[in-house]
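Working notes for the structure below.
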There are 2 protein chains.
Amino acid sequence: MAASGKLHPNPFSGLGPDGTAQPACFYPAGAEIYGQGEKVDGIYQVEFGCVRVYRLLSDGRRQISAFHMGGEVFGFEVDGTHHFFAEAVSATGVRVIKLTAVGDASQAILPLVLQGLVRAQEHLLVLGRQNAVERVAAFLMDMAERQGGLEVFDLPMSRSDIADYLGLTIETVSRVFSKLKQKGVIRLPSLRSVEIKKWQALQGMSE
Amino acid sequence: MAASGKLHPNPFSGLGPDGTAQPACFYPAGAEIYGQGEKVDGIYQVEFGCVRVYRLLSDGRRQISAFHMGGEVFGFEVDGTHHFFAEAVSATGVRVIKLTAVGDASQAILPLVLQGLVRAQEHLLVLGRQNAVERVAAFLMDMAERQGGLEVFDLPMSRSDIADYLGLTIETVSRVFSKLKQKGVIRLPSLRSVEIKKWQALQGMSE
DNA sequence: CGGGAGATTGAGCCCCGTCAAAAACAGTGG
DNA sequence: CCACTGTTTTTGACGGGGCTCAATCTCCCG
């Protein structure tokens, strides 16, 4: 399938010699972008598509710590080695930004790292203190906002991905979807798209 | 009570004009260091004691996103406003580091922010995919490591704080403590201290 | 039409939350 | 040192939300 997303503005385009932008790489759905233990050779910016970043427990349990969509930057690491896996959720274009020396472009990437930290802390609240309905509601609103606040939007990821992001099982995710649909809060035009009919009701669920 | 902790090395001591270190402030147990919505006027470094950083849901549910102990830096924010509460868990000394302009000392604080991000992502795995015993085991090992890896160490925080950090209830935390004690994995010399008797067993529980 | 992966739905169970009571602890004053 | 009080922790009984296991359904893509 041809990936025809338009490119997002690159905040690094004016960096000068600090961050060196590379041509975008294409990854088909499911392709690994980097793996646990690999050496870090830069940070990544999503051009189009969607990326999941996750860790595994030894028994196979998976926790997706974040999805990254167009324009977002990911792949920060602390000691030169990746501690997570990153894979394309759907057909995805990723631009690699080489950091040629320690501290390169840190002025520019600090706010991006901070944003990632805020997102992670936000998600801690969801995983630590919200029930299944609240988690799914928060997820749907987050996805809608990141796609421009439209009431109809795509879900690039499978139920399994959603479950591993929300700390639930696919069955529970599916049941919550069905319940929200039945209540008229959402509509599911297809498996991978959602229409929010009652935004207000959704908000009330994730407080 | 006199706070007699020795001061930890300050990574900002050699910053020059970028970060301006202030004299340490003292906070008694329970005192608020900053609150949600307050303006940011710097970042904070723990001199001694322990700090909890948390958010609240509208119905009062609380999620502690991190505890910060001696030497650690916290209070990073993205838009000039605090989105969390920070309170002293026990009698605590905190040094405020004023950042006089955007980007100040970012070279120095980037690794600290990255470390916070790694910690948060690590904790996402715990909250999303581990059961009560695994959560408590991970917590105990983390606390032990942060106090030098001793087999006997202090718990500055209450059961309620531990519960709100691990996404559990105080009853469940207490029950897990009792079970671990009964199995001989830990000993509880007092309410606020722990001895790890079988480190290996603890590790096996949080995989 | 058939095959396979993903998604939905159902039945049963278990972990953990809730509610309640007892126990341990900390602080105060006598 | 002890008695008294309020807070924190522990322990118990019980119920429910979400997980497990399993069957069915839907959607692709040949």
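To find a chain, count down the sequence lines: A is the first, B the second, and so on, and within it residues start at 1.
Between Arg175(A) and dG17(D) there is no side-chain polar atom (N or O) within less than 4.0 angstrom of OP1 or OP2. Here Thr172(A) does not reach the OP1 or OP2 of dG18(D): none of its side-chain N or O atoms lies under 4.0 Å away. Phosphate proximity of dC16(C) to Thr169(B): absent, as no side-chain N or O sits under 4.0 Å from OP1 or OP2.
Residues Val136(B) and Gln130(B) are not in side-chain contact: their nearest non-hydrogen atoms beyond the backbone lie 4.5 Å or more apart.
Among the heavy atoms of the strands lying under 4.0 Å from Ser158(B) are primed sugar atoms or P, OP1, OP2 only; no base atom is included. Contacts of Arg192(B) with the nucleic acid, taken as non-hydrogen atoms under 4.0 Å apart, involve only primed sugar atoms and P, OP1 or OP2.
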- Query: Taking it one step at a time, do Phe85(B) and Tyr34(B) satisfy ring-ring contact (aromatic ring centres under 6.0 Å, His included)?
  - Reply: CA-CA 6 Å; Phe85(B) 295 94; Tyr34(B) 57 76; 8.6 Å; no

- Task: Report the C-alpha distance between Arg192(B) and Asp154(B) in whole Å, list the side-chain angles of each, state the deciding distance to 0.1 Å, and finish with yes or no for salt bridge (charged side-chain N to carboxylate O under 4.0 Å, His left out).
- Result: CA-CA 6 Å; Arg192(B) 295 296 180 90; Asp154(B) 290 333; over 6 Å; no

- Message: With salt bridge (charged side-chain N to carboxylate O under 4.0 Å, His left out) as the criterion, how do Arg146(B) and Glu72(B) come out once you've worked through the C-alpha distance, each side chain's angles and the decisive distance to 0.1 Å?
- Response: CA-CA 10 Å; Arg146(B) 288 160 79 177; Glu72(B) 297 175 14; 3.0 Å; yes

- Query: What do the steps show when you test Glu122(B) against Arg55(A) for salt bridge (charged side-chain N to carboxylate O under 4.0 Å, His left out), and what is the final call?
  - Reply: CA-CA 9 Å; Glu122(B) 208 75 51; Arg55(A) 289 199 66 175; 2.4 Å; yes

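Between the CD atom of Gln182(A) and the C1' atom of dT8(C) there is a distance of 14 Å, rounded to whole Å. If you take CZ of Arg159(B) and P of dC25(C), they are 11 Å apart, rounded to a whole angstrom. Protein atom CZ of Arg61(B) is 12 Å distant from nucleotide atom P of dG17(C), rounded to whole Å. Between the CZ atom of Phe177(A) and the P atom of dA7(C) there is a distance of 10 Å, rounded to whole Å. Atom CD1 of Ile170(B) and atom C1' of dA20(C) are 12 Å apart (whole Å). As a whole-Å value, the separation of Glu171(B) CD from dG16(D) P is 17 Å. A straight line from CG of Leu168(A) to C1' of dG18(D) spans 8 Å, rounded to a whole angstrom. Note: CG (Leu188(A)) to C1' (dT26(D)) measures 13 Å, nearest angstrom.
Taking every side-chain heavy atom of Leu191(A) into account, dA7(C) is the closest of dG10(C), dC16(C), dA7(C).
Nucleotides of DNA chain D nearest to Arg129(B) and Ser174(B) differ in position, and the one nearer the 5' end is that of Ser174(B).
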